[in-house]
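Everything on this sheet refers to the single structure shown next.
Below, chain A is the first sequence line, B the second, and so on; all start at residue 1.
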There are 2 protein chains.
Amino acid sequence: MSHTVGIRQAQKLKTRQALLDAALRLLEHQSLSSLGLRELTRAVGVAPTAFYRHFADVAELGVALVEETLGSLHGLIGAILAETGDAEVRIARTVDLIARHVREHPAHFRFIARERHGGVGPVRAAIAAQLDAFTEEVATALGREPVSAGWSEEDLRMLAGVYVEHMVMTASAFLSAQETGEPGAPEGPAEEQVARTARDRLRLVSLGRLHWPGRDAGR
Amino acid sequence: MSHTVGIRQAQKLKTRQALLDAALRLLEHQSLSSLGLRELTRAVGVAPTAFYRHFADVAELGVALVEETLGSLHGLIGAILAETGDAEVRIARTVDLIARHVREHPAHFRFIARERHGGVGPVRAAIAAQLDAFTEEVATALGREPVSAGWSEEDLRMLAGVYVEHMVMTASAFLSAQETGEPGAPEGPAEEQVARTARDRLRLVSLGRLHWPGRDAGR
DNA sequence: GTAGTCAGTGAACAGTCGTACTCTGAGTTC
DNA sequence: GAACTCAGAGTACGACTGTTCACTGACTAC
């Protein structure tokens, strides 16, 4: 092989990741615009100046966190949609997927929900870009289905937007549900309630989709 | 009359309102958890200690802002729902109402969108309480309509939640749309695009509502 | 093996922060 | 008109903030 990562760069990446992890932990109880650079480096155990070796801003770190959280999710929803055509199964799988992801990475999703409309511009833009990409993915996936015959591009994007928006709000609902119970509990009753409502909402949208006027004639 | 407000209390209320207004202006570019007490009093033109005569915390001021923004909106949606039964008219009026309110009080709605998942617990709770109240209002208003025959209480609340959630996200979409154009412009093309998508989403939900299985037989 | 790179250190800078004090003087009450 | 109340001013405090600079020393490239 040409060259391994190198001890040097490996250590650098390690502290960089430590910064990201500590930031995520600190951001559970505050928002990014109030996260101090010193507070963060203190939590990691490095000198304040070490921060600048990795990020120019706290905003830049925020953008990196957005990539880390949402970047790995691409293709996941498309996979579910391609997996089966049965609406009920699809709805159940989607909600389960969201529930599991939120349970495994609560801090990540709390961060996204908090900073989506937060005070740091670049982070807001990064989240919006990721969500737009999701919408585009869902739209093309939906467009491939036979049910979507006769749907305009704009209507497809509208529908995809509804689904993406629904996923975000469901994730946020799971977050508030699980902070009601203990963090170690396997599954609280509040979570099951959220899941049921989320499924019902998806059913509602699904029904609307089936009767959308665009498929027969122009409205 | 027994007694007017009194010069004393009137002045107090005036500076209190000045604090709220200045806070709202400062919060357009940052979030509440990073809003400094001194920064705020400096903007108003009073001594830092004067703040304590009105609020114990920045959080308490935030809660007051929530009341000011959402407290005046109760009954508004119910009025629209009672006004006409025609779905298309109702949808148009709702979206227009949101557009107008957001255009008239952009800072208020930005504040709500930002702090709904923000870092200040009491403010989050206050917003959630207000939105829950809205959901309850919408649910009872919907329940009075003949279309809702056979709907369970839970399903009604679910549907009402969809509407409330939709209003919040539409308001937020209008905000991002109008910050694209100049603030003085009467109505940008981006705003009309948002309005069209919002109406389509409402139509979609409306269609789903009409075909909800609960109205005929248990599913 | 030697010269160079560069992640992280530590001290120092000029600010800002929240809050505790005492004090003042206009508005209120009798 | 005298006694009282209380919104706001002013000062002072210790703690914390982001950023700069020169520095060390383990790793890297030749």
* B:Ser172 side chain to B:Val168 main-chain N or O, any donor-acceptor pair under 3.5 Å? -> no
* To do: Scan side-chain atoms only and decide if A:Ser176 and B:Arg124 contain a donor-acceptor pair under the 3.5 Å cut-off.
  => no
* What's the spacing between A:Leu73 CG and A:Ile112 CD1 if we round to 0.5 Å? -> 9.5 Å
* Quick one: how far along DNA chain D does chain A reach, first to last nucleotide 5' to 3', anything under 4.0 Å to a heavy atom? -> D:dT17 to D:dT28
* Answer yes when A:Glu179 and A:Arg110 have at least one side-chain N-carboxylate O distance shorter than 4.0 Å, and no when they do not. => yes
* So, are B:Glu191 and B:Arg196 salt-bridged, with charged N and O less than 4.0 Å apart? -> no
* To do: Would you kindly give the CD-to-P distance between A:Gln9 and C:dT5, to the nearest whole Å?
  => 17 Å
* Asked: Rounding to a whole Å, what distance do you find between A:Lys12:NZ and C:dC6:P?
  -> 9 Å
* Side-chain ion pair, B:Glu60 and B:Arg16, N-O less than 4.0 Å -> no
Just the atom pairs and distances: protein N or O near nucleotides 14-18 of chain C's N or O, under 3.5 Å.
| unit_1 | atom_1 | unit_2 | atom_2 | d |
| --- | --- | --- | --- | --- |
| C:dC17 | OP2 | B:Arg42 | NH2 | 2.4 |
| C:dG18 | OP1 | B:Leu37 | N | 2.4 |
| C:dG18 | OP2 | B:Leu37 | N | 3.1 |
| C:dG18 | OP2 | B:Arg38 | N | 2.8 |
| C:dG18 | N7 | B:Arg38 | NH1 | 2.4 |
| C:dG18 | O6 | B:Arg38 | NH1 | 2.6 |

* Specify the separation, in whole Å, of atom NE2 of B:His54 and atom C1' of C:dT19. => 17 Å
* Please report the C-alpha distance between A:Arg144 and A:Glu137 in whole Å, then the side-chain angles of each, then the deciding distance to 0.1 Å, and finally whether the salt bridge (Lys or Arg N to Asp or Glu O under 4.0 Å) criterion is met. => CA-CA 11 Å; A:Arg144 268 197 290 272; A:Glu137 285 179 40; over 6 Å; no
Please list, for nucleotides 21-25 of chain C, all pairs of protein and nucleotide N/O atoms separated by less than 3.5 Å.
none

* Between B:Arg25 and B:Glu39, is there a salt bridge with N-O shorter than 4.0 Å? -> no
* Would a distance-only check, ignoring hydrogens and angles, find a side-chain to backbone donor-acceptor pair under 3.5 Å from B:Arg114 to B:Gln30? -> yes
* To do: Considering only NZ, NE, NH1 and NH2 on the basic side and carboxylate oxygens on the acidic side, decide whether B:Glu165 and B:Arg201 come within less than 4.0 Å.
  => no
